[in-house]
Amino acid sequence: MMKAAGRRLAVTSWNIAAINNNPFEYWITYRDNPEYEKLMIKVEKFLEEPGDNDVAVSKVFTEDMFSKLDKRMTGVGWTSVRSYWEADFRDRKIVSGFMKDPLLGSKRLASMPDRITNTINVEDGQVFRPTVINMYAGDLSTLDLWWAAWEQFMFDTTLRIKGSSGVESKIPYQLLQKIKKSKYPDITTQEEEDSLPLQTMCGAIFDSILVYMMNTAASSPQAWQELKNTMVENLNKKKVPHTMQILETEYIDSDIITLQEVSSSFIDQARSSKLGQKFHIVAPINLDSVRDQNSVVALNKETFPDGPGTEITSLVETSFPPDASVPVAPGDILAITAQTKHGLPLVVASFHGDTNGLATKPVLSAVLKAMASDKKLAGHRLVFGMDANTYENGKPGKQQDVVDFGKHFVAQGLTSCWGDTPNPKNYTTYNARTYLQPQLNKACKSDEKRSKGDVNPKDFILFPKRDFGVVQTWKDNTGKKVYVEDMAFPTLDFPSDHGILHTIIEPK
């Protein structure tokens with residue numbers, strides 16, 4: 001019966017997220033330019049073995065810069081932080097006393113202002129704080145050039161920002177928020193009170209050290225800035241076109257494509273592209289445009305002439321056990337019905353797991369429970385593409401182990417594109433943070449990318465074992481249907497930090 005209902009299905013699944021706004025955040029494989037690896041190793045050395053470069057903060061963020069900043073801050077009604085500067089910050093060493101101070105990290109005094117002002121979405125695009133670690137394109141070849149641009153940006157630039165009550169005019173300093181002791185207990189009561197000017201000063205010191213470090217470590221200020229421009233162009237600006245191009249050239253013949261961590265702008269662009277001509281692009285009804293990470297399903301119009309049926313995501317979400325706290329956010333799950341031209345009814349689902357994969361088993365169980373609870377879904381077969389966020393060596397209750405996940409889906413009558421028992425060393429991610437990002441505790445040295453990076457078997461396509469058999473499966477981290485093992489990615493050609501999965505399944 002099943003065999004008569006249809007032919008083979010080609011299914012692709014891909015978490016398309018990756019580089020956010022900092023082109024330097026992750027180690028990339030950059031074969032065409034050996035300068036990249038050399039520079040990143042020099043930055044690592046600067047922070048691990050600073051030697052004579054570990055100068056006092058006031059040698060980099062000068063007394064003059066501080067006085068101007070303090071005047072700006074008191075001018076907008078904030079309290080002066082001169083006492084913090086004179087008693088503490090100006091005499092700290094830039095690496096050992098500032099960049100590598102764990103308390104500064106746990107108090108979020110440098111990472112919080114970076115997070116809020118690094119890249120700001122405005123009415124007609126994005127603007128960037130003058131710093132090394134975003135897409136800012138201005139000249140940072142001297143500290144004086146940096147400071148003039150930074151001061152003007154933070155205190156003089158009026159931005160048109162979409163808020164909950166329409167478009168509002170804001171100056172970047174007005175976006176900063178107090179750092180609360182209730183959330184970050186290491187901050188003192190007095191520091192919480194002064195946290196707006198204090199984080200602004202720490203943010204300025206942080207940015208000044210980055211500029212000083214790059215201009216010291218690189219062969220010339222021009223060299224690192226040209227390298228950054230190339231990376232921004234390929235990793236950041238061309239991310240969406242690269243992603244679209246890979247799908248439109250290599251995976252256009254798929255019957256089903258499930259995507260994860262998709263932005264609302266990507267959904268709009270996909271619908272008006274070659275992909276949208278060939279596929280019904282289905283996004284969740286409760287699209288999350290704030291976090292902007294949505295699971296999407298694309299159905300080949302030839303295979304699914306009637307388009308998508310009904311979205312059953314809400315039925316899935318109400319199928320969690322009543323007492324369970326499952327870490328899913330709006331947009332993480334999409335489940336729809338669809339029927340092939342051969343009359344085969346399917347439930348097609350796409351899902352992006354939380355960082356530790358703790359939602360993956362409960363979500364899978366909820367999808368199956370939802371299908372069993374609705375008579376209209378009784379004859380439907382499940383095809384489920386997911387970033388399961390499973391780990392080679394999971395920790396019970398903390399990180400989802402991949403072999404344990406395999407046992408879970410097999411117990412429910414499913415199998416995967418990798419068979420019943422996933423190989424823990426069949427990796428679909430290989431990424432590692434560099435030293436050019438605000439959380440240095442997460443940085444990996446150049447020779448630790450493999451041991452300390454995120455190298456894990458995270459991605460799956462699942463379906464019922466009694467209904468489908470696997471004809472062929474491959475993974476891809478090049479955009480050319482080839483997977484290079486032991487290669488850190490994204491690369492300048494491959495825009496995601498997850499490999500693509502493609503499987504051909506055949507009705508039994």
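Numbering starts at 1 and runs along the sequence shown.
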Using atom types as modelled and distance alone, determine if a side-chain donor or acceptor of Gln225 lies under 3.5 Å from a backbone N or O of Leu140.
yes
Quick check on the 6.0 Å ring-centre criterion: do Phe460 and Phe405 meet it?
yes
Ignoring hydrogens and angles, state whether a donor on the side chain of Ser273 or Glu248 is under 3.5 Å from an acceptor on the partner side chain.
yes
Does a side-chain heavy-atom distance below 4.5 Å link Ile461 with Phe384?
no
For Asp255, run the salt bridge (Lys or Arg N to Asp or Glu O under 4.0 Å) check against Lys301, Arg7, Lys341, Lys278 and tell me which one passes.
Arg7
Show, in sequence, the C-alpha distance, side-chain angles and deciding distance for Glu233 and Asn229, and conclude whether the side chain to side chain donor-acceptor pair (under 3.5 Å) test is met.
CA-CA 6 Å; Glu233 189 61 37; Asn229 290 341; over 6 Å; no
Are any side-chain N or O atoms of Thr503 and backbone N or O atoms of Cys417, one a donor and one an acceptor, separated by less than 3.5 Å?
no
Give, for atom CG of Leu436 and atom CG of Leu210, the distance between the pair rounded to the nearest 0.5 Å.
6.5 Å
Does the plane of the ring in Tyr36 sit parallel, tilted or perpendicular to the ring in Tyr30? Use 30° and 60° as the thresholds.
tilted
Within the 4.5 Å heavy-atom criterion, are Lys228 and Met231 side-chain neighbours or not?
no
Mind listing the closest non-hydrogen atom pair of Pro438 and Ser111 along with its distance?
CB-CB, 4.0 Å
If we only count heavy atoms from C-beta on, is the Leu9 to Pro507 side-chain gap below 4.5 Å?
no
Does Lys481 NZ have over 12 foreign heavy atoms under 6.0 Å away?
yes
Any donor-acceptor N or O pair under 3.5 Å, side chains Lys170, Gln174
no
Look only at the side chain of Thr390 and the backbone of Asp401, and say whether a donor-acceptor pair between them is shorter than 3.5 Å.
no
Is there a side-chain contact between Ile267 and Leu287 (heavy atoms, below 4.5 Å)?
yes
Dump the intermediate steps for side chain to side chain donor-acceptor pair (under 3.5 Å) on Asp497 and Thr429, then the final yes or no.
CA-CA 6 Å; Asp497 58 356; Thr429 63; over 6 Å; no
Decide yes or no on side-chain contact (heavy atoms from CB on, under 4.5 Å) for Arg433 and Trp27, but give the supporting numbers first.
CA-CA 6 Å; Arg433 276 195 170 90; Trp27 284 98; over 6 Å; no
Other residues, nucleotides, ligands: >12 heavy atoms within 6.0 Å of Glu302 CD
no
Kindly say whether Thr303 contributes a backbone atom to a donor-acceptor pair with the side chain of Thr340 at under 3.5 angstrom?
no
Return yes if a side-chain donor-acceptor contact under 3.5 Å exists between Asn456 and Asp454, otherwise no.
yes
Nearest 0.5 Å, what's the CG-CG distance between Asp493 and Asp32?
7.5 Å
Given 3.5 Å as the limit, does a donor-acceptor pair link the side chain of Ser13 with the main chain of Ile500, or not?
no
Should Lys449 and Glu37 be marked as a salt bridge (charged side-chain N to carboxylate O under 4.0 Å, His left out) after you check the CA-CA gap, both sets of side-chain angles, and the distance that decides it?
CA-CA 12 Å; Lys449 287 182 259 189; Glu37 191 95 1; 3.4 Å; yes
Using 4.0 Å as the upper bound for N to carboxylate O, is an ion pair formed by Glu506 and Arg8?
yes
With heavy-atom distances below 4.5 Å as the criterion, would you say the side chains of Phe351 and Val328 are in contact?
yes
Has the side chain of Gln199 got a donor or acceptor atom that lies under 3.5 Å from a matching backbone atom of Gln177?
yes
Heavy-atom closest contact (Ala443 atom, Thr434 atom, distance)
CB-O, 3.4 Å
Is the number of heavy atoms from other residues, nucleotides or ligands under 6.0 Å of Lys180 NZ greater than 12?
no
Are His502 and Tyr251 an aromatic pair, judged by ring center distance below 6.0 Å?
yes
Is the side chain of Asn21 donor-acceptor paired with the backbone N or O of Thr119 at a distance under 3.5 Å, no angle test?
no
Could you check whether Trp14 and Phe494 have their ring centres less than 6.0 Å apart?
yes
Any donor and acceptor pair, going by atom type alone, linking the side chain of Asn134 with main-chain N or O of Asn22 inside 3.5 Å?
no
NZ/Lys361 to CZ/Phe409 distance, rounded to the nearest 0.5 angstrom?
12.0 Å
Candidate pair Leu368 and Leu414, rule side-chain contact (heavy atoms from CB on, under 4.5 Å), full reasoning:
CA-CA 10 Å; Leu368 294 166; Leu414 302 178; 4.0 Å; yes
Please check this pair: side chain of Lys239 against backbone of Ile16, looking for a donor-acceptor N/O pair closer than 3.5 Å.
yes
After noting the C-alpha distance and the side-chain angles of Thr131 and Asp207, does the key distance pass the side chain to side chain donor-acceptor pair (under 3.5 Å) rule?
CA-CA 6 Å; Thr131 187; Asp207 282 341; 2.7 Å; yes
Mark yes when over 12 heavy atoms from residues, nucleotides or ligands other than Arg31 sit less than 6.0 Å from its CZ; otherwise mark no.
no
Could you list the residues that satisfy salt bridge (Lys or Arg N to Asp or Glu O under 4.0 Å) with Asp306, not counting sequence neighbours?
none
So that I can tick it off, tell me whether Lys458 and Asp387 are bridged by a salt bridge, with the cut-off set at under 4.0 angstrom between side-chain N and carboxylate O.
no
Looking at Arg108 and Asp114, is there a salt bridge between them, counting it only when a charged N and a carboxylate O are closer than 4.0 Å?
no
Which atoms form the tightest heavy-atom contact between His280 and Phe304, and what is the distance?
NE2-O, 3.1 Å
Run the side chain to side chain contact (heavy atoms under 4.5 Å, CB included) test against Asp156 and tell me which residues pass, sequence neighbours left out.
Arg72, Gln152
Given side chains that start at C-beta, do those of Leu259 and Leu247 come closer than 4.5 Å, heavy atoms only?
yes
What is the distance from atom NE2 of His352 to atom CD of Gln260, rounded to the nearest 0.5 Å?
8.0 Å
Give me the atom names and distance for the closest heavy-atom approach of Tyr483 to Lys475.
CB-O, 3.3 Å
Would a 4.5 Å heavy-atom cut-off, applied to side chains only, mark Ile256 and Asn300 as touching?
no
Rounded to the nearest 0.5 Å, how far apart are CG of Asp467 and NE2 of His380?
12.5 Å
Note: Glu250-Lys480 ion pair, threshold 4.0 Å (strictly below)
no
Quick one, Asn389 with Gln400, criterion side-chain contact (heavy atoms from CB on, under 4.5 Å). Give me CA distance, side-chain angles, the key distance, then yes/no.
CA-CA 7 Å; Asn389 262 322; Gln400 180 56 55; over 6 Å; no
Just do the side chain to side chain donor-acceptor pair (under 3.5 Å) check on His408 and Ser365 with the steps written out, would you?
CA-CA 9 Å; His408 178 77; Ser365 297; 3.1 Å; yes
Can you find a pair of side-chain heavy atoms, one from Ile161 and one from Val122, that are under 4.5 Å apart?
yes
Could you tell me whether the side chain of Gln437 and the main chain of Glu25 form a donor-acceptor pair under 3.5 Å?
no
Interatomic distance, Ile252 atom CD1 to Ile246 atom CD1 [nearest 0.5 angstrom]:
13.0 Å
